[in-house]
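Just so we're clear, the structure is a prediction, and the values are computed from it rather than from any experiment.
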Amino acid sequence: MSQTVKKFNTAVVCNPQKHYMVDITDRVDRIIENYIEPGNYFAINRGRQYGKTTTLHILAEKLREKYYCLQISFEGGEEMFQSDYAFAVGVIDLIEEQLELEAMPEDLIKKWKQGIAEELPFQTLGKRITELCRFSDRPIVLMIDEVDRASNNQRMLSFLGMLRDKYIKRENGRTWTFQSVVLAGVYDIKNLKLKIRSEESHQYNSPWNVAVKFEEDLSFTADEVAGMLSEYEEEHHTGMDIQKISRLIYEYTSGYPVLVSDICKHIDENLAGTPAFPDPTAAWTPEGVVEAVKLMEHENQPLFEDMIKQLKDFPQLKDIIKRILFEGESIAFNAYNDVLNLAKMFDYIKSVNGRVAVANRIFEVVLYDYFLSEEETGNVTKKDAELNKSQFIVRGRLDMEAILRKFAEHYAYVYTDNDQRFVEKYARKIFLMYLRPVINGTGNYYIESQTRDEKKTDIIVDYHGEQFLIETKIWYGQKYNEDGENQLLGYLDRLQLKRGYMLTFSFNKNKKTRVQERQCGEKVLWEITV
């Protein structure tokens with residue numbers, strides 16, 4: 001029998017025999033030590049395609065050394081929610097299948113399968129759980145995946161409330177119940193309650209307030225990505241620089257599991273063997289990573305589609321993210337703010353030093369492109385850039401100075417008479433509106449979030465393997481300008497670039513477009529002031 005050829009996987013659960021995977025053994029061991037063994041009930045709430053199901057699968061395999069592990073899901077079981085009786089019977093059936101797979105003693109399975117009383121189905125189900133856990137020769141762990149798929153039904157919350165009550169009685173020595181109950185889904189239980197209540201009666205009384213906070217990080221580190229790539233390299237011998245490639249993948253994804261796997265999958269399956277990357281050695285390079293990211297950002301991926309849908313459903317969230325991206329506004333993260341808490345739960349944003357930030361670089365670019373595309377139809381800035389695009393590409397290379405000079409002309413013609421506050425607020429947006437159609441389809445760009453604030457932004461452009469660093473800033477005096485230049489020089493060092501570009505928006509009276517180029521040691525700073 002031939003050996004299975006491993007692939008990178010971006011769909012549902014990962015299997016270590018079939019897929020290249022980050023080794024999460026240590027993470028699973030910590031979950032067992034910190035949550036299962038103490039008998040905790042908890043919920044794993046993370047964004048879509050964040051590795052929850054895979055984590056549950058590997059956790060269950062490990063638990064079976066010491067526990068019975070029952071894995072159920074209510075996905076696709078709509079008929080269960082027609083009545084209390086149907087729900088109780090449905091739970092009995094789901095768990096019965098798991099009892100048989102776990103090879104539990106036949107007498108326990110037989111008792112579990114007995115009929116449910118139609119008049120008091122939840123009470124009968126509760127007694128059945130007590131009997132099962134009391135007479136089992138091992139502790140039992142219950143896992144419920146995709147719990148939020150059943151979240152719009154009160155019967156699900158009643159079931160969770162019953163498990164909560166049994167947990168409390170167990171702690172007082174008054175009953176037997178599951179060792180641990182693990183819920184997995186995007187929404188946390190607090191938000192499940194919000195989904196089924198009317199707008200007038202939103203409350204946070206959770207049927208799951210006995211659960212401990214789950215604090216294990218499910219994102220991948222750069223070292224963990226390197227471990228996965230090492231396994232790939234042992235089989236394919238591409239000669240890649242594993243540490244460099246893993247760090248670059250992490251910089252784009254911040255360790256979001258499906259994004260990590262998707263980049264690797266594109267390089268392995270869609271880039272290697274193309275004219276630009278004729279073999280795996282050429283594909284597993286920084287240029288290959290950038291190209292893979294570009295492919296991802298321009299495909300119809302369910303994760304991105306869901307993110308855009310949430311922005312449409314929550315206009316306040318859309319407004320907050322636009323202010324962060326285009327205006328550099330610093331917004332404090334507050335866990336009691338419904339909109340921010342929801343966005344963090346979806347893993348679209350994160351809290352960095354107490355301030356709101358978009359979760360990763362790929363999400364940022366997808367959001368930038370989405371926001372810009374909303375305004376592109378008939379936009380004069382986009383049209384001007386497209387008309388002059390042929391001037392900006394010389395023998396396949398991007399002429400950044402030509403772009404900046406032409407943008408200065410366009411800005412002087414279109415925006416000089418605009419209100420100063422309007423231009424201060426949207427200066428970067430105006431330039432990105434000009435830049436995007438020039439590089440679209442061939443190049444890529446992203447914003448360096450560490451240097452972005454309301455006064456300056458660093459834009460990094462990748463085009464045919466060449467990088468350009470453009471700092472856009474508002475003129476606030478010579479001292480601030482010098483500080484910005486020094487920061488830019490340091491960032492050029494980090495990117496190992498010799499040349500940096502500065503686009504300065506000035507609102508001084510009698511200003512004129514000015515271009516200057518300065519040698520700063522081994523670096524060249526090229527600046528245009530508009």
Side-chain angles (χ1 to χ4, degrees), residues 322-330 358 361 364-365 367-369 371-372 375 379 381-382 384-385 392 398-412 414-416 418 420-440 443-463 467-492 494-495 497 499-508 511 513-518 523-530:
K322 289 181 78 170
R323 282 153 52 198
I324 293 170
L325 295 182
F326 290 116
E327 300 171 38
E329 186 172 337
S330 179
V358 177
R361 188 185 291 173
E364 277 204 351
V365 175
L367 290 167
Y368 271 116
D369 279 351
F371 292 142
L372 292 173
E375 302 182 32
N379 183 276
T381 298
K382 174 180 180 288
D384 187 75
F392 306 144
L398 196 64
D399 187 339
M400 186 56 67
E401 292 176 18
I403 293 173
L404 292 169
R405 288 179 187 275
K406 205 67 181 176
F407 171 76
E409 293 178 14
H410 171 78
Y411 175 86
V414 176
Y415 295 100
T416 297
N418 275 81
Q420 175 177 331
R421 183 54 196 149
F422 170 84
V423 177
E424 282 184 331
K425 189 174 182 179
Y426 296 113
R428 300 159 191 81
K429 184 178 181 180
I430 294 168
F431 176 65
L432 288 173
M433 191 79 76
Y434 195 88
L435 176 68
R436 184 171 176 264
V438 175
I439 65 172
N440 198 29
N444 205 357
Y445 72 95
Y446 64 89
I447 311 301
E448 177 48 53
S449 58
Q450 293 181 6
T451 63
R452 178 183 54 221
D453 59 32
E454 63 180 354
K455 297 178 181 178
K456 66 186 294 293
T457 298
D458 286 334
I459 302 169
I460 296 90
V461 175
D462 291 302
Y463 195 92
Q467 272 195 327
F468 303 85
L469 174 60
I470 309 105
E471 178 187 277
T472 66
K473 67 180 189 297
I474 308 297
W475 175 266
Y476 285 104
Q478 186 61 37
K479 177 63 169 61
Y480 180 80
N481 196 60
E482 290 173 359
D483 291 343
E485 289 178 358
N486 291 332
Q487 191 175 38
L488 179 62
L489 288 170
Y491 199 40
L492 287 171
R494 183 178 145 195
L495 294 176
L497 297 175
R499 193 174 187 87
Y501 302 87
M502 303 176 74
L503 172 60
T504 302
F505 295 85
S506 173
F507 301 101
N508 294 338
K511 65 171 183 181
T513 299
R514 179 170 61 94
V515 176
Q516 58 180 333
E517 181 175 295
R518 295 190 306 285
K523 311 293 184 187
V524 174
L525 294 185
W526 190 94
E527 180 176 11
I528 188 165
T529 303
V530 299

Discussion item. What I'd like to find out is whether the side chain of Ile470 reaches to under 4.5 Å of the side chain of Asp458, using heavy atoms alone.
Written reply: no
Worksheet item: What about Tyr445 and Tyr463, are their ring centers closer than 6.0 Å?
Response: no
Fill in: All side-chain hydrogen bond (donor to acceptor under 3.5 Å, both in side chains) counterparts of Lys406, not counting sequence neighbours
Glu409
Practice prompt. Anything under 30° is parallel, anything over 60° is perpendicular, the rest tilted; go ahead and classify Tyr434 against Phe392.
Written response: tilted
Worksheet entry | Step-by-step side chain to side chain contact (heavy atoms under 4.5 Å, CB included) determination, Leu525 to Glu517 | CA-CA 6 Å; Leu525 294 185; Glu517 181 175 295; over 6 Å; no
Discussion item. Do Leu495 and Gln467 make a side-chain contact, defined as non-hydrogen atoms from C-beta onward lying under 4.5 Å apart?
Written reply: yes
Worksheet entry | Minimum heavy-atom distance Leu497-Leu469, with the two atoms named | CD1-CB, 4.1 Å
Worksheet item: Could you give the distance from CG (Asn379) to CE (Met433), rounded to the nearest 0.5 Å?
Response: 4.5 Å
Discussion item. Would you call the rings of Tyr501 and Phe468 parallel, tilted or perpendicular, taking 30° and 60° as the class edges?
Written reply: tilted
Practice prompt. Could you check if a side-chain atom of Glu527 sits within less than 4.5 angstrom of a side-chain atom of Val515, using non-hydrogen atoms only?
Written response: no
Worksheet entry | Residue pair Thr504 / Val530, side-chain heavy-atom distance below 4.5 Å | no
Worksheet item: Do the non-hydrogen side-chain atoms of Arg499 and Lys523 ever get within less than 4.5 Å of each other?
Response: no
Worksheet item: What is the distance from atom CG of Leu404 to atom CE of Met502, rounded to the nearest 0.5 Å?
Response: 11.5 Å
Worksheet item: Between Lys322 and Glu327, is there a side-chain N and carboxylate O pair less than 4.0 Å apart?
Response: no
Practice prompt. Go through the steps to decide whether Lys382 and Arg436 satisfy the test side chain to side chain contact (heavy atoms under 4.5 Å, CB included), and finish with yes or no.
Written response: CA-CA 8 Å; Lys382 174 180 180 288; Arg436 184 171 176 264; 5.6 Å; no
Worksheet item: Are side-chain heavy atoms of Leu432 and Ile459 found at a separation under 4.5 Å?
Response: yes
Discussion item. Evaluate Leu367 against Leu325 for side chain to side chain contact (heavy atoms under 4.5 Å, CB included), listing each step before the verdict.
Written reply: CA-CA 9 Å; Leu367 290 167; Leu325 295 182; 3.9 Å; yes
Worksheet item: Is any side-chain heavy atom of Arg428 closer than 4.5 Å to a side-chain heavy atom of Lys473?
Response: no
Worksheet item: Can you tell if the side chain of Arg518 reaches within under 4.5 Å of the side chain of Val524, non-hydrogen atoms only?
Response: no
Practice prompt. Please find out if less than 6.0 Å separates the ring center of Phe431 from that of Tyr411.
Written response: no
Item to complete: Give, for atom CG of Leu503 and atom CD1 of Ile403, the distance between the pair rounded to the nearest 0.5 Å.
Response: 11.5 Å
Worksheet item: In Å, rounded to the nearest 0.5 Å, how long is the span from CD1 of Ile528 to CZ of Phe505?
Response: 10.0 Å
Response to the item:
CD (Glu471) and CG (Leu492) are apart, to the nearest 0.5 Å, by 9.5 Å
Worksheet entry | Stepwise side chain to side chain contact (heavy atoms under 4.5 Å, CB included) check, Leu398 with Val438 | CA-CA 9 Å; Leu398 196 64; Val438 175; 4.1 Å; yes
Worksheet entry | Distance (rounded to the nearest 0.5 Å) between Glu401 CD and Trp526 CH2 | 5.0 Å
